[in-house]
Amino acid sequence: MNFMAKKRILLGVSGGIAAYKSAELVRRLRTAGAVVRVVMTRSAKEFVTATTLHTLSGEPVWSDWSDDKSGMDHIELARWADRILIAPATADTLARIAHGRADDLLTAICLATEAPLAVAPAMNQAMWNNKATQANVDTLRERGVRVWGPATGEQACGETGPGRMLEPDALVQRLSDSFANGRLAGLKVVITAGPTREPVDPVRYLSNRSSGKMGYAIAQAAHEAGAQVELVSGPVALQAPDGVTLTRVESASDMFRAVMVCLEDCDLFIGAAAVADYRPVEPQARKIKKQAAELLLRLEPAPDILAAVAALKSRPVCIGFAAETENLQEYAQKKRMQKGVEMIVANRVGAGLGFETDDNELWLVWEGGSRWLPKAPKTRLACQLIEQIADLYLKQPSGLKAPEPHAKHSA
Ligand code: CTP
């Protein structure tokens with residue numbers, strides 16, 4: 001959905017090579033219906049001209065203090081904006097905002113505004129990974145600044161890594177989502193759901209009883225809370241909730257690959273899928289024929305998607321599930337530590353419980369807290385879970401922490 005009609009977007013452009021994309025960004029914002037005013041830093045003018053941005057926005061462009069004709073433009077612009085987005089945001093601009101500097105028009109506006117502020121970092125990967133930049137980004141996040149990106153890939157300097165500015169389309173989507181009415185507005189959530197199928201031969205597979213109902217209900221609840229949701233699902237008989245992007249997969253390896261593709265710029269990862277722990281070592285190319293003797297099937301561990309996401313250097317906040325037949329609380333606590341995730345959502349499985357049912361009960365555990373969600377339909381539990389996640393995630397500083405030594409640097 002497009003929530004951009006008549007929204008007043010102040011676009012800050014700072015001086016990096018990605019500034020050439022800001023012209024396209026202005027065009028896309030206007031196509032989406034927004035009113036766009038641009039404030040450039042002095043060095044941004046080395047990469048893109050004020051005339052270009054003025055022509056595309058149809059509004060004046062500000063840069064130096066000399067453009068602040070009334071002496072109060074910076075205050076008026078700060079009040080005018082519904083949202084401020086700085087794209088590209090260089091390492092220097094991030095540092096100056098983190099330190100509350102007001103030595104140019106753009107940083108002064110950031111200091112004076114009460115509008116939500118988002119930044120789209122763009123810089124060399126070593127500059128992004130530098131502890132100073134990461135500390136500045138952490139500070140900004142703690143103050144509620146939304147950090148969108150950077151993407152990982154080939155860079156203008158010839159290196160490869162995190163530091164590419166998100167594409168204009170993705171930034172327009174983020175801005176649009178941020179106007180949606182909900183607590184997760186502006187956040188991207190990737191969710192896995194359903195079982196996986198591990199092939200034995202062309203006609204047989206190993207799988208489990210997961211119906212996908214819980215994961216799909218969570219996807220719907222996250223979407224209703226305003227998040228951009230990508231659902232990666234094993235084979236289930238369910239329709240994707242409206243507004244949720246669905247990728248269908250079969251095996252644990254397929255799911256692993258699909259999740260890694262979706263993770264770019266992801267804020268929250270929720271692993272609700274019942275992923276196979278083991279898979280046949282050698283799936284047969286031909287159907288296995290019946291024989292008199294016993295048949296031994298050799299299994300090897302399947303990739304652990306949740307643990308792999310949690311181990312990434314640049315990673316979202318991770319929430320895992322634990323389906324247990326006994327010792328629910330003890331196993332859930334252990335699983336949180338082993339997988340290195342911020343929260344575990346535990347439920348009992350067994351006769352009439354958990355899989356294939358419409359009701360469930362959940363026990364949530366995170367660093368410093370836990371909560372029972374008593375038996376209720378999965379759709380209601382999903383909303384309560386998303387509410388709890390939002391409460392903790394949006395707390396300043398965030399109440400969702402990875403256990404040591406998995407403490408994260410999220411991107
Ligand atoms: N998970 C995963 N990849 C796997 C196995 C599990 O991503 N190969 C995720 C599930 O989506 C869930 C969490 O890990 O969020 C817990 O899965 P579970 O199977 O309960 O835990 P295991 O680590 O497999 O432990 P055990 O089976 O011994 O209980």
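All ligand and atom numbering here is 1-based and tracks the order in the structure.
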> Is the side chain of Asp201 donor-acceptor paired with the backbone N or O of Gln284 at a distance under 3.5 Å, no angle test?
Replying inline: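 No; zero donor-acceptor contacts below 3.5 Å.
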> Counting distance only, does the side-chain N/O of Asn129 pair as donor-acceptor with the main-chain N or O of Ala126 below 3.5 Å?
Replying inline: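 Side chain of Asn129 to backbone of Ala126: no pair is present.
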Less than 3.5 Å between some nitrogen or oxygen of [X] and one of ligand 1, yes or no?
| X | result |
| --- | --- |
| Thr192 | no |
| Ala272 | no |
| Ala322 | no |
| Ile319 | no |

Under 4.0 Å from a heavy atom of [X]: which atoms of ligand 1 are those, numbered in the order shown and with their elements?
| X | answer |
| --- | --- |
| Gly320 | 15 (O) |
| Leu306 | 2 (C), 7 (O), 9 (C), 13 (C), 14 (O), 15 (O) |
| Ile305 | 2 (C), 3 (N), 7 (O) |
| Ala323 | 20 (O) |
| Ala276 | 8 (N) |
| Ala273 | 10 (C), 11 (O) |

> Who's closest to atom 29 (O) of ligand 1 heavy-atom-wise, of Glu324, Met255, Lys335?
Replying inline: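 Result: the heavy atom closest to atom 29 (O) of ligand 1 is in Lys335.
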>> Could you work out, for atom 8 (N) of ligand 1, the closest of Gly215, Pro303, Gly271 by heavy-atom distance?
In response: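 Shortest heavy-atom distance from atom 8 (N) of ligand 1: Pro303.
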Write out the residue and atom name of the closest protein heavy atom to [atom], then the distance separating them to 0.1 Å.
| atom | answer |
| --- | --- |
| atom 16 (C) of ligand 1 | Phe321 O, 2.7 Å |
| atom 5 (C) of ligand 1 | Asp277 OD1, 3.3 Å |
| atom 6 (C) of ligand 1 | Lys339 NZ, 3.5 Å |

> What do we get for Ala274 next to ligand 1 when only non-hydrogen atoms under 4.0 Å count, side chain, backbone, both or neither?
Replying inline: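 Within the 4.0 Å criterion, Ala274 makes no contact with ligand 1.
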Salt-bridge criterion met for [X] and [Y] (N-O under 4.0 Å):
| X | Y | answer |
| --- | --- | --- |
| Lys378 | Asp358 | no |
| Asp177 | Lys188 | no |
| Arg183 | Glu387 | yes |

>> Using a 6.0 Å distance limit plus a 45 degree cone around the ring axis, check whether Arg336 lies over the aromatic ring of Trp366.
In response: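 Ring-cation test returns no.
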> Distance under 6.0 Å and angle within 45° of the ring axis: does Arg83 meet both against Phe179?
Replying inline: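 The answer is yes, since Arg83 meets both limits relative to Phe179.
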>> Could you walk me through whether Glu300 and Arg279 satisfy the salt bridge (charged side-chain N to carboxylate O under 4.0 Å, His left out) test, starting with their C-alpha distance in whole Å, then the side-chain angles of each, then the deciding distance to 0.1 Å, before giving a yes or no?
In response: CA-CA 5 Å; Glu300 64 182 3; Arg279 63 184 175 194; 3.0 Å; yes
> Can you name the closest pair of heavy atoms from Thr196 and Ala276 and give their distance?
Replying inline: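 Here Thr196 and Ala276 meet closest at OG1-N, 3.0 Å.
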>> What I'd like to find out is whether the side chain of Leu77 reaches to under 4.5 Å of the side chain of Trp62, using heavy atoms alone.
In response: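 Yes; the side chains approach each other to less than 4.5 Å.
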